[in-house]
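Counting convention: from 1, in listed order, for ligands and their atoms alike.
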Amino acid sequence: MEVIIKKDYDDVCSESAAIIEEAWRRKNNLVLGFATGKTPLGLYEKLVEFYRQGRIDFSAVTAFNLDEYVGLEASHPQSFAHYMDHHLFRHVNIRKEDIFRLSGRPPDIDEHCRAYERKVRDSGGIDIQILGIGKNGHIAFNEPGSSLSSRTRLKILTPETVAAIRPFFQDEKEVPRFCLTMGIGTILETKTALLLASGKDKAGIIARAVEGPLTASVPASALQLHARAIFVIDEAAASKLTKRDYYRWAYENKDRALDPLKIIPLKTKG
Ligand code: PGA
């Protein structure tokens, strides 16, 4: 696990965009997993900027959305499909046929979820999965208690989540109670998990996810099992981590670590 601590939210987004740009340079047909929420918005702005500057070309990129509310059409302004179109896809040259989404109204939910898993596998797997983290530790819509090996499936939203999203819907009847979400097992199979967090209200849960015990009660703690999890967080979100100095030191020495003999010179006796 790598923890990168940046000064503020803007730097978190710049660093994350740079990680994606660097990955794209190495593999133009990158498979990216996209998250919604407030946190990744600044990252998506940077990706649009990079596209306009010619730094990233999305024509060979494949996209997978992480989750979706059950009951909403893709065109609904609160759907995650709409969010991704609005904030990223419509501004870059990604091909429509290379954007995969969970449907909010599939005819057969179980089959739809299984087919989504198959599509992820057929794409060669997700190279970089962008993630936010809920204050309760959820990643995607894997709320506390979710199985650490769960796959894409239907989840019931917690009463807190339903209350939090209520203001975004005009009609009570429209407010989603269910969602489809990639599972924690699905996320653990991605090649890189890139989690962004900002602000002091995330500090407690970041500390539990990064340094606390591995537990289904904090779904993001499952990333401790991930082969390559990168937390890009700002000072405020990092403020409760006990090993902050080590994370900073490791980040500062990362380039030198390419040649470990330079940072840990062998001591000779006598
Ligand atoms: P936020 O949501 O980015 O809006 O804080 C994160 C999440 O709930 O996953």
Side-chain angles (χ1 to χ4, degrees), residues 6 8-17 32-47 64-70 72 77-84 86-88 101-102 126 128-146 148 150 152-153 155-169 175-184 186-188 190 193-210 216-223 226 229-240:
K6 304 304 282 187
D8 55 23
Y9 176 65
D10 193 54
D11 285 354
V12 165
C13 296
S14 299
E15 178 76 17
S16 304
L32 294 173
F34 290 100
T36 56
K38 206 156 51 86
T39 312
L41 286 175
L43 166 62
Y44 300 153
E45 272 173 31
K46 305 260 179 220
L47 292 180
F64 283 92
N65 286 4
L66 197 55
D67 41 23
E68 185 55 277
Y69 290 128
V70 169
L72 301 192
Q78 294 306 324
S79 77
F80 292 168
H82 182 272
Y83 169 108
M84 284 310 310
H86 185 73
H87 293 293
L88 182 66
R101 317 175 155 105
L102 284 157
I126 293 174
I128 301 182
Q129 176 61 58
I130 297 157
L131 295 169
I133 180 170
K135 276 184 255 175
N136 65 1
H138 72 209
I139 41 173
F141 262 134
N142 297 287
E143 300 284 15
S146 293
L148 298 186
S150 50
T152 303
R153 70 210 182 291
K155 284 291 285 181
I156 301 175
L157 301 176
T158 61
E160 295 76 29
T161 302
V162 174
I165 62 178
R166 174 69 190 87
F168 299 103
F169 293 85
V175 182
R177 285 344 193 233
F178 305 95
C179 65
L180 301 186
T181 180
M182 281 192 200
I184 298 175
T186 321
I187 293 169
L188 290 181
T190 60
L194 183 65
L195 187 145
L196 284 65
S198 163
K200 66 175 183 330
D201 60 339
K202 295 281 173 76
I205 199 63
I206 283 290
R208 291 175 71 198
V210 175
S217 299
V218 181
S221 70
L223 295 174
H226 198 289
I230 307 175
F231 284 70
V232 187
I233 61 181
D234 62 12
E235 296 279 358
S239 57
K240 293 195 173 155

Rounded to the nearest 0.5 Å, how far does OG of Ser217 lie from CD of Glu143? 12.5 Å
How are the rings of Phe80 and Tyr69 set to each other: parallel, tilted or perpendicular (split at 30° and 60°)? tilted
As a test of reading the model: which residues have a non-hydrogen atom less than 4.0 Å away from ligand 1? Gly37, Lys38, Thr39, Gly132, Ile133, Gly134, His138, Lys202
Give, for atom CZ of Arg101 and atom CE of Met84, the distance between the pair rounded to the nearest 0.5 Å. 9.0 Å
So with a 6.0 Å cut-off around CD1 of Ile156, is the heavy-atom count from everything else above 12? no
Tell me if a side-chain donor or acceptor on Tyr9 pairs with a main-chain N or O of Asp234 at a distance below 3.5 Å. no
Any idea how His138 and Phe141 line up, ring-wise: parallel (<30°), tilted (30 to 60°), or perpendicular (>60°)? perpendicular
